[in-house]
Amino acid sequence: MFAQVIVDVAHSNVDKIFEYSCPDGLTAGARVKVPFGGRVLDGFVIGVSPASAYPAEKVKSVISVFDEAPALVPECLTLMHTVSERYRVPKAAALRLFLPSEMRLGKVREAFKNFAVFKTADVKLSAGAKKQAQALEYLAQKGEEELPALCGMFGRGAINSLAEKGALEIRKRKISRSPFEGMSGESVQRTLTPSQTAALQSVENSDKQVHLIHGVTGSGKTEIYLNIIDREIKRGKTAIFLVPEISLTPQMLSQLRSRFGGAAAILHSGLSAGERFDEWWRLRSGEAKIAIGARSAVFAPLENIGAVIMDEEHDPSYLSETAPRYSTCDVALMRAKYNGAKLILGSATPSVESYAKAADGEYNLITLTERINKKPLPEIIIADMRKEVRRGNNSAFSKALREELDATLKSGNQAIIFLNRRGYSRTVMCRDCGYVAKCKNCDVTLTYHSEDNCLKCHYCGAKYRMLSACPECGGLHVLYSGTGTQKVVADLKELFPSARILRMDNDTVSGKDGHYKILSKFARKEADILVGTQMIAKGHDFPSVTLVGILDADMSLNFSDYRSGERTFQLITQVSGRSGRADDKGKVVLQTCSPENYILRYAVNYDYNGFFGNEIAIRKATNFPPYSLICRVMVTSDDKDKALEVLKSVYFAIEELRGKYPDEFYFLNKMHSPIKKIQGKMRYQVLIRLKDAKLLEQIYDVAVKNSDNSVFVYVEENPVNLS
Ligand code: ADP
Ligand code: ZN
């Protein structure tokens with residue numbers, strides 16, 4: 001037999017299919033070791049055939065086969081080609097998406113434990129063998145026990161003797177390192193509301209493949225997802241449930257566990273390598289049927305998928321920012337098509353792109369306009385920060401927010417304070433000469449962190465000592481400006497000394513379960529106020545939260561990005577949605593310096609349709625997505641001269657393309673990236689706005705051709721981050 005093998009090296013030089021002779025019985029999907037140019041490499045078998053096209057003496061043999069079941073599901077072999085062609089990455093890089101990295105690198109294996117299992121008490125023990133008699137009695141009662149524990153109780157000698165006599169048997173058994181082992185939520189079977197029932201029916205009856213559930217925050221979308229999953233499982237199918245960031249949703253996890261028990265497997269980066277490995281194999285072996293996780297779980301090793309669900313479909317984290325730069329929605333659709341499955345997108349604030357497709361009838365649109373039990377959406381109060389300053393209030397909190405906070409704390413409820421900046425304050429600036437502290441590697445402003453009294457770069461993590469004097473002019477008036485999460489916490493402590501405050505941002509969450517711990521603590525009401533960045537905006541359901549403060553609603557409005565209006569609307573709606581989800585009415589205080597802004601007006605009135613109508617008209621008039629495709633070709637290198645040379649060559653090739661197809665281009669320019677340097681690498685870009693995707697392949701071609709070991713060139717489609 002002959003095996004077609006892809007070697008596990010993600011480089012275009014070896015991006016081919018190689019043939020090896022192999023033992024009978026080897027199947028596609030298996031992992032093997034093969035000889036390759038004098039080395040031994042891991043490889044994936046993507047097909048087997050009885051004959052080879054090559055002369056026998058040229059074909060080498062597979063060295064060994066990994067003794068596990070084939071790791072890759074058949075679908076993945078098909079998808080691998082599609083992903084590799086669509087995003088122009090080597091096949092091995094596409095295949096890697098389907099395997100947990102720990103497994104590829106052989107860092108973890110299955111975990112085994114030895115158990116002593118009771119066989120018979122019908123054995124002869126010598127009169128003095130007290131320990132043996134006790135052990136036998138213990139085991140007869142319990143049936144079995146972990147071997148080390150048993151030896152600990154009765155001594156290894158006694159256990160060995162019993163084993164020799166045949167009273168017990170020692171068995172090696174595979175164990176599952178399951179995350180959140182002790183976690184259990186109350187399993188409530190809810191009666192669905194009429195809108196939830198209607199939504200379920202619509203998903204069932206529509207002949208469209210993609211369904212968009214647009215439901216206001218708290219309208220019970222989660223319950224709909226769970227019912228869809230339940231239905232597919234009962235049909236003997238499997239399901240993938242994607243959320244923007246799984247570690248941020250403790251309630252979701254416990255709901256899933258209590259509802260589906262061991263049928264649900266959780267895949268996310270916060271798991272230990274062993275846990276991830278075992279959860280992955282539980283899915284691959286069919287023991288678990290539901291994969292829950294963030295972006296990468298779209299590659300879960302499931303067969304016979306009935307539904308793929310993407311909660312908070314508008315979330316930017318669904319776009320991969322490292323190669324391959326895939327869109328989760330695109331991959332989810334590939335999988336849905338392959339399996340004849342339904343793809344369900346859900347959000348309170350659908351992305352303009354998705355909603356446009358629904359409005360055009362390409363997606364099945366399902367709308368839920370009310371919260372469960374007709375609870376009102378929280379009232380949003382606008383605080384005009386320009387007036388506050390005129391009144392002499394220079395603090396981060398408006399009068400309205402202070403009063404509402406006071407009332408909330410007195411009532412025993414909880415509050416969430418949202419702002420989009422980490423750290424103590426934004427920048428460190430010299431008042432005498434205007435010097436601003438920047439990172440040496442990254443050309444970005446540094447942020448002061450009071451916990452270790454230093455300046456940090458949020459792009460590369462570099463730490464710098466806090467300045468006592470200005471390095472430029474020697475002046476001693478070094479100022480902080482702006483407000484970060486840490487500063488807000490300090491100010492809150494002064495205002496409300498007895499309040500218990502938690503902070504959640506990239507600095508306070510670290511390690512496995514970091515998010516989970518902070519959020520669980522808040523959920524258990526061990527704190528009164530949670531201060532955080534956009535991490536806290538995502539999908540949480542804290543019943544006692546009745547106040548949300550949005551400190552600087554303008555922040556994201558001022559980004560120079562065509563999506564800034566959309567992002568601001570989404571953020572305000574999502575963060576506001578955390579308030580008043582249970583019995584008590586919720587409030588939101590939104591602080592801004594531009595209260596007349598139309599995006600804020602739509603947000604305050606929860607007017608998604610108004611927002612969408614306005615936004616889509618602007619996009620159409622200005623030729624922005626979905627009426628065009630933005631492409632950024634990035635050129636990065638340690639070597640500035642080489643990078644500039646390659647940039648020129650890339651630009652030249654694309655300009656030539658524009659010469660041929662002038663109507664396809666709305667915009668073309670080359671420039672420094674807004675952040676000129678990250679981690680020592682110079683960054684240049686060619687920015688393109690295309691009429692549609694017709695020339696996309698040729699643009700990828702240009703990038704691939706110009707990329708080499710010293711200058712890296714890659715393409716981003718409609719990037720979420722243009723820095
Ligand atoms: P969404 O995901 O749309 O923001 P959730 O699914 O979190 O909303 O639901 C909001 C709240 O309503 C949750 O506390 C949930 O437990 C509750 N809920 C959902 N469906 C029902 C129902 N049919 N009956 C009673 N409570 C429900
Ligand atoms: Zn840096």
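Both ligands and their constituent atoms are indexed starting at 1 by order of listing. Below, all heavy atoms of this structure are taken into account, side chains as well, without hydrogens, waters or symmetry copies. For the single chain, residues carry numbers from 1 onward in sequence order.
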task: Under the salt bridge (charged side-chain N to carboxylate O under 4.0 Å, His left out) rule, collect the residues that match up with Arg284, sequence neighbours excluded.
output: Glu303

message: Counting only heavy atoms not in Lys587 (residues, nucleotides, ligands), do more than 12 fall under 6.0 Å from its NZ?
response: no

task: Just let me know how Lys221 lines up against ligand 1, side chain, backbone, both or neither, with a heavy-atom cut-off below 4.0 Å.
output: both

Lys/Arg N to Asp/Glu carboxylate O, Glu615 vs Arg619, below 4.0 Å: yes

- request: Evaluate salt bridge (charged side-chain N to carboxylate O under 4.0 Å, His left out) for Lys487 paired with Asp491, printing each intermediate quantity in order.
  value: CA-CA 6 Å; Lys487 173 82 162 57; Asp491 289 356; 3.1 Å; yes

message: Does Glu204 form a salt bridge (charged side-chain N to carboxylate O under 4.0 Å, His left out) with Arg235? I'd like the steps, not just the answer.
response: CA-CA 13 Å; Glu204 184 68 9; Arg235 285 184 178 140; 2.3 Å; yes

message: For the 3.5 Å polar cut-off, considering only N or O atoms, please tell me whether Thr217 and ligand 1 meet it.
response: no

query: Would you call Gln574 and Glu312 a side-chain contact if the rule is heavy atoms closer than 4.5 Å?
result: yes

query: Hey, looking at atom 7 (O) of ligand 1, which of Lys375, Arg581, Arg371 has the closest heavy atom?
result: Arg581

query: Heavy-atom contact under 4.0 Å between Val216 and ligand 1?
result: yes

query: Near Thr222, which atoms of ligand 1 are under 4.0 Å from a heavy atom of that residue?
result: 2 (O), 5 (P), 6 (O), 7 (O)

- request: Ignoring angles and geometry beyond distance, decide whether Leu192 reaches within less than 3.5 Å of ligand 1 through its nitrogen or oxygen atoms.
  value: no

- prompt: Any nitrogen or oxygen of Gly215, main chain or side chain, under 3.5 Å from a nitrogen or oxygen of ligand 1?
  reply: no

field: Mode of Thr191 contact toward ligand 1 - side chain, backbone, both, neither (heavy atoms, under 4.0 Å)
entry: backbone

